[in-house]
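Contents: one structure, followed by commentary.
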2 protein chains.
Amino acid sequence: MARAVETPRSEDKLTRQREAVLQVIRAREDHPTANEIFQAARLNLPTISYATVYNSLRFLKEAGLVHEIKFGDGASRYDRETDRHDHAICNECGKLVDFDLPQTAELMQAAARKSKFKAASVHLTLKGVCPDCRAT
Amino acid sequence: MARAVETPRSEDKLTRQREAVLQVIRAREDHPTANEIFQAARLNLPTISYATVYNSLRFLKEAGLVHEIKFGDGASRYDRETDRHDHAICNECGKLVDFDLPQTAELMQAAARKSKFKAASVHLTLKGVCPDCRAT
DNA sequence: AATAAATTTAGACTAATTCTAAACTACTAG
DNA sequence: CTAGTAGTTTAGAATTAGTCTAAATTTATT
């Protein structure tokens with residue numbers, strides 16, 4: 001009897017290069033830029049190209065495996081996709097830190113009511129001074 | 001008797017081109033990009049250059065007269081500086097709308113506690129579907 | 001009027017990202 | 001296996017947003 005046709009899952013299309021990009025992001029505590037990811041991925045897969053890093057990032061975003069963060073100045077940064085969370089940015093050293101505000105369900109409702117949008121997500125950005133910079 | 005020396009205020013340095021840029025931003029309900037501002041400013045001041053638009057935007061930002069919004073895709077957008085407010089972005093048509101969440105003092109405290117940052121500001125971004133797109 | 005200081009201009013430059021077209025790989029049917 | 005085709009990767013060109021530079025212009029100061 002023939003094996004049942006399996007529903008393809010996003011992992012099925014994880015090529016070597018997409019895998020490499022994903023590994024880089026998962027291995028890091030910080031939020032690397034596309035360029036940093038490219039540099040790191042080349043260590044494992046020396047022929048990978050810049051365009052492929054971008055293609056892979058798009059693929060991984062769409063598959064919900066990584067998350068793109070765009071702010072302020074310069075390049076996008078990428079996050080391994082964990083739970084919903086918020087970001088704090090240090091006005092002095094530029095450091096970007098994750099945190100999570102628990103009451104987001106209510107926040108989302110309140111924001112939806114005020115904006116008249118149907119809310120899909122809410123995200124909070126705090127700007128301020130990080131603990132390290134406060135110490136100095 | 002000589003007139004007292006006046007403390008210079010930011011308006012003192014409002015040159016013709018900075019004024020023109022500011023007028024464009026104030027006259028619009030939406031959130032134009034630098035390029036849109038450039039196009040519009042040229043109608044009043046045909047010799048204004050692209051670089052001057054950027055210089056003026058920097059000046060006006062520093063003077064607290066306009067506010068820069070950077071998200072998602074593409075170019076920065078500019079807002080006339082009103083009160084603190086939040087932004088909703090439509091996932092379907094890309095429209096960007098202002099709204100204000102009242103309880104931001106508490107939010108800022110909560111976020112500061114969670115992130116361990118000294119908070120200077122918080123900003124909420126809602127993604128979802130705008131009323132127009134819901135209607136269709 | 002002469003000098004200095006600040007601002008504007010046009011265009012060159014840079015950085016981030018996307019596009020393009022050719023080469024490569026994997027899968028599908030005969 | 002073998003041709004066909006669909007999807008992916010590659011390198012480099014192209015595009016976009018924004019900054020930089022140096023000369024020209026304007027404004028303010030003596």
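In the text below, chain A, chain B and the rest are named by the order of the sequence lines, each starting its count at 1.
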Between [X] and [N], is there a side-chain N or O to OP1/OP2 distance below 4.0 Å?
{"X": "B:Q17", "N": "D:dT26", "result": "no"}
{"X": "B:T52", "N": "C:dT9", "result": "yes"}
{"X": "A:T47", "N": "D:dT10", "result": "yes"}

Quickly work out the [X] [atom1] to [N] [atom2] distance and round it to whole Å.
{"X": "B:R16", "N": "C:dT9", "atom1": "CZ", "atom2": "C1'", "result": "13 Å"}
{"X": "B:F38", "N": "C:dT8", "atom1": "CZ", "atom2": "C1'", "result": "13 Å"}
{"X": "A:L57", "N": "D:dT9", "atom1": "CG", "atom2": "C1'", "result": "15 Å"}
{"X": "A:R42", "N": "D:dT9", "atom1": "CZ", "atom2": "P", "result": "17 Å"}
{"X": "A:N44", "N": "D:dT9", "atom1": "CG", "atom2": "C1'", "result": "17 Å"}
{"X": "A:E19", "N": "C:dT25", "atom1": "CD", "atom2": "C1'", "result": "17 Å"}
{"X": "B:K13", "N": "D:dT26", "atom1": "NZ", "atom2": "C1'", "result": "15 Å"}
{"X": "A:R77", "N": "C:dT17", "atom1": "CZ", "atom2": "P", "result": "10 Å"}

Practice prompt. Classify every nucleotide of nucleotides 14-25 of chain D by which part a protein heavy atom approaches to under 4.0 Å, writing B for the base, S for the sugar-phosphate alone and - for neither, in 5'-to-3' order.
Written response: ---SSBB-----
Fill in: Ionic contact status for B:K13 with B:E19, cut-off 4.0 Å
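Looking at B:E19 and B:K13, the cut-off is not met.
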Worksheet item: Between B:K95 and B:D132, is the closest basic N to carboxylate O distance under 4.0 Å?
Response: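 The answer is yes: the pair qualifies as a salt bridge.
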Item to complete: Specify whether A:H87 and A:H123 have parallel, tilted or perpendicular ring planes, treating 30° as the upper limit for parallel and 60° as the lower limit for perpendicular.
Response: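 Tilted.
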Practice prompt. Name the orientation class of the two ring planes belonging to B:Y54 and B:Y50 (parallel below 30°, tilted from 30 to 60°, perpendicular beyond 60°).
Written response: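 B:Y54 vs B:Y50 ring planes: tilted.
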Fill in: Candidate pair A:V97 and B:F117, rule side chain to side chain contact (heavy atoms under 4.5 Å, CB included), full reasoning
CA-CA 9 Å; A:V97 165; B:F117 275 46; 4.0 Å; yes
Item to complete: In sequence, state the C-alpha distance, the side-chain angles, and the governing distance for A:V122 and B:T125, and then conclude on side chain to side chain contact (heavy atoms under 4.5 Å, CB included).
Response: CA-CA 6 Å; A:V122 277; B:T125 305; over 6 Å; no
Worksheet item: Side chain of A:R18, backbone of A:S56: donor and acceptor closer than 3.5 Å?
Response: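 Not at all, since once roles are kept as given, no pair shorter than 3.5 Å links the two residues.
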